[in-house]
There are 4 protein chains.
Amino acid sequence: MTFGIETKGVYAIATTPFFEDGSIDFASIDRLTDFYEESGCTGITILGIMGEAPKMEPEESRAIIKRVVSRAKVPIIVGVSAPGFAGMRSLARDAMDMGAAGVMIAPTPALRTDDQIVNYFAGAVEAVGDDVPWVLQDYPLTLTVVMSPGVIARIITNHPSCLMLKHEDWPGLEKVSKLRAMQKAGELRPFSILCGNGGVFLDFEPERGADGAMTGYGFPDMLTELIGLFAAGKREEAHDLFDAHLPLIRYEQQAGIGLAIRKHVLKRRGVITSDAQRKPAQMLSATAKAEVDYLLTRLAKHDRRAAF
Amino acid sequence: MTFGIETKGVYAIATTPFFEDGSIDFASIDRLTDFYEESGCTGITILGIMGEAPKMEPEESRAIIKRVVSRAKVPIIVGVSAPGFAGMRSLARDAMDMGAAGVMIAPTPALRTDDQIVNYFAGAVEAVGDDVPWVLQDYPLTLTVVMSPGVIARIITNHPSCLMLKHEDWPGLEKVSKLRAMQKAGELRPFSILCGNGGVFLDFEPERGADGAMTGYGFPDMLTELIGLFAAGKREEAHDLFDAHLPLIRYEQQAGIGLAIRKHVLKRRGVITSDAQRKPAQMLSATAKAEVDYLLTRLAKHDRRAAF
Amino acid sequence: MTFGIETKGVYAIATTPFFEDGSIDFASIDRLTDFYEESGCTGITILGIMGEAPKMEPEESRAIIKRVVSRAKVPIIVGVSAPGFAGMRSLARDAMDMGAAGVMIAPTPALRTDDQIVNYFAGAVEAVGDDVPWVLQDYPLTLTVVMSPGVIARIITNHPSCLMLKHEDWPGLEKVSKLRAMQKAGELRPFSILCGNGGVFLDFEPERGADGAMTGYGFPDMLTELIGLFAAGKREEAHDLFDAHLPLIRYEQQAGIGLAIRKHVLKRRGVITSDAQRKPAQMLSATAKAEVDYLLTRLAKHDRRAAF
Amino acid sequence: MTFGIETKGVYAIATTPFFEDGSIDFASIDRLTDFYEESGCTGITILGIMGEAPKMEPEESRAIIKRVVSRAKVPIIVGVSAPGFAGMRSLARDAMDMGAAGVMIAPTPALRTDDQIVNYFAGAVEAVGDDVPWVLQDYPLTLTVVMSPGVIARIITNHPSCLMLKHEDWPGLEKVSKLRAMQKAGELRPFSILCGNGGVFLDFEPERGADGAMTGYGFPDMLTELIGLFAAGKREEAHDLFDAHLPLIRYEQQAGIGLAIRKHVLKRRGVITSDAQRKPAQMLSATAKAEVDYLLTRLAKHDRRAAF
C-alpha cells in the first residue's frame with residue numbers, strides 16, 4: 001500500500017500501548033490498528049513523538065513496525081527521526097523492507113536558518129535514499145524549528161520523494177493558504193497536506209487547502225466524518241460536529257499531559273488495555289481524569305461515540 | 001478603589017486603542033473603560049503585554065493611566081514590567097499617585113532557577129516599594145520563565161504586598177489546585193488567583209480554585225456571566241455558555257495574531273474605532289477576518305451579544 | 001563626522017557610567033569619551049546592550065547622546081533597538097539631529113525565519129527613514145536570532161543605508177569569510193564589518209575579512225594596536241599582543257558578569273569613577289575581583305597599560 | 001576500578017573515532033585509551049555528548065564500552081543519558097556488568113523548575129538502580145537546563161550513589177565556590193567536582209574548589225600537568241602553562257565545530273586515524289584547519305607536545 005501527493009483523509013498518529021510494567025502490549029496494538037481502520041482512517045503513522053518513539057529500543061521499533069504493517073490494510077508511515085543519519089537510514093530501510101508505505105522526518109531541534117533546515121533534509125534524504133517516500137514534519141512548538149512557506153517549498157522542490165507535509169505549525173492557517181497559493185501560481189509542485197495539533201483548527205484547515213488530518217485525537221472516527229463533511233460541502237454540519245468535540249480537543253492541548261489524556265480516552269473507548277506510558281512521563285491527576293470524563297459525558301449528548 | 005486578596009470576578013486586560021497613524025485614541029479608551037465596567041468587570045488591567053505597553057513612551061503610559069483611572073469606577077491595575085528597576089519604580093509610583101489600585105509585575109525572560117526568580121521579585125518589590133499592592137504575573141509561554149507552585153509560594157510569603165496571582169501557565173490546572181492545597185494545609189497565606197490565556201480553560205479553573213479571570217477576550221460580559229454561573233453552582237449552564245464561545249476563544253489563541261483578533265472583535269462590537277496596532281505588528285488576512293466573522297455568526301445563535 | 005562602508009579600525013562599545021545611586025555620571029562619560037579617542041578608536045557606539053540602554057528613560061538617552069556627540073571628535077553610533085518602531089524612529093531622528101553619525105539596530109528576539117528577519121529590518125528602515133545610516137547588529141547568543149550570510153546579504157542589498165555589520169556570531173569566522181567571498185563573486189556590495197564578542201576571536205577575524213572591532217573590552221588601546229599590526233602585516237606581533245590579553249578577554253566572556261568585569265577594569269584604569277550598574281544587575285564577588293586583578297598583574301608583565 | 005567522592009585529577013571525555021565511512025575504528029579507540037592513560041588521566045568518560053553517543057546504535061555502544069573497559073587500567077564512566085528511563089537502565093546495567101566504574105547522567109532538556117530537575121534525577125536513579133555510582137552532568141549551554149547550587153545540593157543529598165559533579169556551567173566559578181562553601185558549613189556531604197567547558201576556566205577552577213577536569217581537550221597531558229601544578233601550589237607556573245594553551249582552548253570553544261577541532265588535533269597528534277564524524281556533523285574549512293595548525297605551531301614554542 002502506498003500514499004502519494006494526492007492522499008486525502010485522516011492518518012492516525014498511533015500511540016504505542018504499553019502494559020503497566022512498560023513492556024509493549026501487542027494485542028492492544030492490533031486492536032488499535034483495527035480501530036483506526038474501522039474509523040475510516042486512510043493510513044496510520046507509527047513511532048512519532050506521541051508514539052513515544054525516542055523511548056523505544058531499535059529492536060522494539062522494528063517489532064512494532066512488523067506487527068502493524070502485517071495487520072493493517074492501509075498504508076503505514078513510520079517516524080524515523082533520529083540524532084544520527086546512520087540510525088535514521090537503518091530504521092527507514094528496515095521499515096520499507098517490512099512493507100511500510102513511507103517514513104516521516106522531523107528537523108533536529110538545533111536548526112535555525114533557512115539554509116540549515118534545507119541542508120538538513122538534503123542530508124536526511126541522502127541517508128535514507130531518495131527512493132523512500134517521506135513526510136516532512138513541521139512542528140515548531142515542540143521542535144523549536146520554524147519553517148517558512150519558502151523553506152518548505154525549497155525542500156519539496158529539492159526532493160521528489162517528499163510526498164506530504166505534516167503541518168503542525170500554530171498559528172498555521174496562513175501557511176496552508178500560502179503554500180496552496182504558490183502551487184496555483186505554478187511555483188510549487190503538488191503534495192499532500194495533513195494537519196496536526198490534535199485537530200484544534202480542523203474546522204478551517206480544509207477550506208485553507210489541507211487534504212485532511214494527521215493526528216492522534218481519540219475520536220479518529222469523528223475526524224474522518226469531519227473531513228467527509230467538508231468534502232461534501234456541508235460546512236455548517238462540519239462545524240457543528242467540530243464544535244461538539246472542541247472542548248475535549250482543546251483539553252488535550254496541554255503539553256506534557258496531552259498523551260496521557262489521549263491514552264485515557266482510548267482506554268475508556270476499550271481500544272487499549274492500559275494508559276501506561278514509558279517513564280519519564282506525566283500522568284493525569286484524579287481531578288484531571290474526572291474533568292475528561294465530564295467532557296466525554298457532555299460530548300455524548302451530541303455524539304454517541306462518546307457514550308460508553 | 002482597591003483590590004485585595006479576596007478579589008473575585010473578572011479583570012479585563014485592556015487593549016490600547018490606536019488610530020491608523022499609531023497615535024493613541026483616547027475616545028476609544030473611554031468607551032473601552034465604560035464597556036468593561038458595563039460588562040460587569042471587577043477591575044481593569046492596563047498596559048500589559050496585550051496592551052502593547054513596550055511600544056509606549058513613558059509620557060504616553062502616564063497619559064493612558066491618567067485617562068483610565070480618572071474615568072473608571074473600578075480598580076485599575078497597571079503593568080509596570082520593565083528591563084530596569086528604576087523605570088519600573090518610576091512608573092509604579094506615578095501610577096499609584098494617579099490613583100491606580102496596584103501594579104502587575106512579570107519576571108524578566110532570562111530567569112531560570114527558583115532562586116533567580118525569587119530574588120528578581122525581591123529586587124522589584126524593593127524598587128517599587130513594599131507599600132504598592134501588586135499582581136504576580138505567571139506567563140511562561142511568552143516569557144519562558146517557569147514558576148513552580150513552590151516558587152510562587154515563596155514570593156507570596158516573602159512579600160505581603162503581593163495580593164494576586166495572574167495565572168497564565170499552560171497547562172495550569174494542577175498549579176491552581178496545588179496552590180489552593182498548600183493554603184488548606186496552612187503552608188501559604190490567602191491571595192487572589194485570576195486566570196489568563198484568553199479564558200481557554202475557564203470552564204474548569206473556578207472549580208480548581210481560581211477566583212475568576214484576568215484576560216482580554218472580546219466578550220468580557222460573557223466572562224463575568226460565566227464566573228457568576230460557577231459562583232451560583234450552575235455547572236451545566238456555565239459549560240453551555242463556555243462551549244458556545246470556545247470556537248472563538250480557541251481561534252484567539254494564535255500567538256502573534258491573537259491581539260489582532262481581539263481588536264477586530266472589539267471594533268465589530270463598536271467599542272473601539274480602529275483595530276490598528278503599533279508596528280511591528282501582525283495583521284489579520286482577509287480570510288482570517290472572514291473566519292472570525294463566521295465564528296461570530298455561529299456564536300450569535302447561542303449568544304445574542306455576538307449579533308451585530 | 002560620518003562613518004561609511006570603508007570604515008576600519010575600532011569602534012568602542014561604550015559602557016554607561018553611573019554613580020552608586022544609579023544616576024548618570026556625566027563627568028565619567030566625558031572621560032570615557034576622551035579615553036576612547038586617545039586609545040585610537042575610529043568611533044564610539046553608545047546605548048548598546050552593554051551600555052544598559054534598556055534601563056534608560058528616553059530623556060536620559062537623549063542627554064547621553066547630546067553629551068557624547070558634543071564632546072567627541074569621532075563618529076558616534078547610537079543603539080536604537082526598541083520593541084516598537086515608533087520609539088525607534090523617535091530616538092533615531094533625535095540622535096541624528098543631535099549630530100550622531102548613524103544608528104545601530106538589532107533584530108527583535110522573536111524572529112526565526114529568514115523572511116521574518118528580512119521583513120523586520122524593512123520595517124525598521126521604513127520607520128527610522130532610509131536617510132539614516134545604520135549598523136546591522138548580528139548577535140545570536142544574546143538575541144537568539146540567527147542570520148545566515150544569505151539573510152545578511154539580502155538586508156544589505158535591500159537597504160543602501162546599511163553601511164556596516166556588527167558581527168557578533170559565535171562561531172563566526174566562516175560567516176565573515178562567506179560574506180567577503182560573496183562580494184568577490186560580485187553578489188554583494190561593499191560594507192564594513194566590525195567584530196564583537198569582546199574581541200575573543202580578533203586574532204583571526206581581520207585575516208578573514210573583518211575591518212576591525214566593535215567591542216567594549218577595557219583595553220581599546222590594545223585593540224587599535226592589534227588592528228594596526230594586522231594592517232601592517234605583522235602577524236606574529238599581533239598574535240603575541242593578542243595572546244597576552246587573551247586570559248582577560250576570555251575572563252570577560254562570562255554572560256551576566258561580563259559588564260561588571262568591564263566596568264571594574266575601566267575603574268581600575270581610572271577612566272570611570274564607579275563600576276555601579278543599574279539594577280537588576282550581576283556584581284562581581286570579591287574572589288572574582290581578585291582573579292581579574294591577578295590577570296591584570298600578569299598582563300602587566302607584557303603590556304604596561306595594565307600596570308596601575 | 002572505581003571512582004569516588006575524593007576523585008581528583010583529569011577524566012578525559014573520549015571522542016569516538018570513526019572511519020571515513022562512519023564505522024567505528026576500534027584500533028583508534030585502543031590507541032586513544034592508551035593515550036589518555038599515558039597522559040596521566042585518572043579516568044575516562046566515554047559515550048558523552050562529545051562522544052557522539054546519540055548517533056550510536058545500542059549494540060555499538062556496548063561494543064565500545066566492552067572494548068574500552070577491557071583495555072583500560074583506569075576507571076571508565078559511561079554516559080547513559082537517554083530520552084527514556086528504560087533505555088537508560090538497560091545501558092547502565094550492561095555497562096556496570098562489563099566493568100564500568102559508573103555512569104554519567106544529564107538532565108533532559110525540557111526541565112525548568114528546581115522541582116522538575118530534582119524529580120527527574122529521582123526517576124533516573126530509580127531506573128538505573130541506586131547501587132550504580134553516577135556523575136551528575138551540569139551543562140546548561142547545550143542542555144538549556146540551569147541547576148542552582150541548591151538544586152545540585154538537593155540531588156546529591158537525595159542520592160548517595162551520586163559521587164561526582166561534572167561542572168560545565170558558564171559562568172560557573174561562583175557555583176563551585178558556593179557548593180564548597182555549603183560543604184564547609186556542614187550543609188552538604190562531600191563529592192568530587194571535575195570541570196568541563198574544554199578547560200577554558202581551568203586556571204581558576206582548582207582554587208575555587210574543583211578537584212580537576214573532565215573534558216576532551218586534545219592535550220590531556222597538559223591538563224594533568226596543570227592540575228598537578230595547582231596541587232603543588234605552583235600558581236604562576238600553572239598560569240604560564242595554561243596561558244600558552246589558551247589560544248587553542250579558546251579556539252575549540254566554537255559550538256558545532258568544537259568536536260571537529262578536537263578530532264583534528266588528536267589526528268595531528270597521531271592518536272586517531274581519521275577525524276571523521278557521523279552525520280549530521282559540522283566540518284572544518286581549510287582555513288579553519290590552517291588556523292588550528294598555526295595555533296599549534298605557536299603553542300609548540302612553549303610546549304613541545306604541540307610540535308609534530
Side-chain angles (χ1 to χ4, degrees), chain C residues 140-141 144 146 169-178 180-181 197-205 207-209 235-236 238-240 242-258 260-261 282-292 294-295 297-299 301-302, chain D residues 140-141 144 146 169-178 180-181 197-205 207-209 235-236 238-240 242-258 260-261 282-292 294-295 297-299 301-302:
Chain C
L141 265 73
T144 77
V146 184
D169 203 349
W170 187 344
L173 292 170
E174 299 301 328
K175 187 182 275 189
V176 178
S177 293
K178 175 69 180 164
R180 290 313 190 200
N197 281 321
V200 74
F201 289 97
L202 202 55
D203 50 345
F204 289 110
E205 287 161 339
E207 293 173 349
R208 293 290 192 131
R235 193 188 204 201
E236 285 292 312
H239 277 271
D240 288 344
F242 178 85
D243 289 358
H245 280 263
L246 184 54
L248 183 58
I249 289 174
R250 174 277 330 241
Y251 198 90
E252 221 187 60
Q253 289 300 320
Q254 298 190 67
I257 57 170
I261 297 164
Q282 283 186 269
M283 303 308 292
L284 293 184
S285 69
T287 308
K289 283 190 184 180
E291 288 169 344
V292 173
Y294 178 68
L295 290 176
T297 305
R298 284 182 55 83
L299 174 57
K301 292 183 217 164
H302 300 90
Chain D
L141 265 73
T144 77
V146 184
D169 203 348
W170 186 345
L173 292 171
E174 299 300 329
K175 188 182 275 189
V176 178
S177 293
K178 175 70 180 163
R180 291 313 190 202
N197 281 320
V200 74
F201 288 98
L202 202 54
D203 49 345
F204 290 110
E205 287 160 339
E207 293 173 350
R208 293 290 193 131
R235 194 188 202 203
E236 284 292 311
H239 277 271
D240 289 343
F242 178 85
D243 288 359
H245 281 262
L246 183 55
L248 183 57
I249 289 173
R250 173 278 329 242
Y251 198 90
E252 222 186 60
Q253 288 300 320
Q254 298 188 67
I257 57 169
I261 296 163
Q282 282 185 271
M283 304 305 293
L284 293 184
S285 69
T287 307
K289 282 190 184 179
E291 289 169 345
V292 173
Y294 178 67
L295 290 177
T297 305
R298 284 181 57 82
L299 174 57
K301 292 183 217 164
H302 300 90

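In what follows, every heavy atom counts, from backbone to side chain, and hydrogens, waters and symmetry copies are set aside. First the proteins, then the strands, lettered A, B, ... as listed; each starts at 1.
Only the side chain of D/Phe242 has a heavy atom closer than 4.5 Å to any heavy atom of chain C. Interface residue D/Arg208: only side-chain heavy atoms are found under 4.5 Å from chain C. No part of D/Glu207 comes within reach of chain C, as not one of its non-hydrogen atoms sits under 4.5 angstrom from that chain. With a threshold of 4.5 angstrom between heavy atoms, C/Thr287 approaches chain D through its backbone and through its side chain. Residue contact with chain C, scored on non-hydrogen atoms closer than 4.5 Å, involves the backbone and the side chain of D/Ala288 alike. There is no contact between D/Ile249 and chain C, counting heavy-atom distances below 4.5 Å.
For C/Lys178, the NZ atom sits in a loose shell: 12 or fewer heavy atoms of surrounding residues, nucleotides or ligands are nearer than 6.0 Å.
Between D/Asp240 and C/Lys301, no side-chain nitrogen of the basic residue sits less than 4.0 Å from a carboxylate oxygen of the acidic one, so the salt-bridge criterion is not met. Salt bridge D/Asp203/C/Arg250: present, at least one basic N to carboxylate O contact under 4.0 Å.
The backbone N or O of D/Ala255 sits nowhere less than 3.5 Å from a side-chain atom of C/Trp170 that would complete a donor-acceptor pair.
Atom CZ in C/Phe201 sits 8.0 Å away from atom CD in D/Gln253 (nearest 0.5 Å). The line from CG of D/Leu173 to CG of C/Leu284 is 11.0 Å long, rounded to the nearest 0.5 Å.
The residue among C/Glu174, C/Gln254, C/Arg298 with the most heavy atom pairs within less than 4.5 Å of chain D is C/Arg298.
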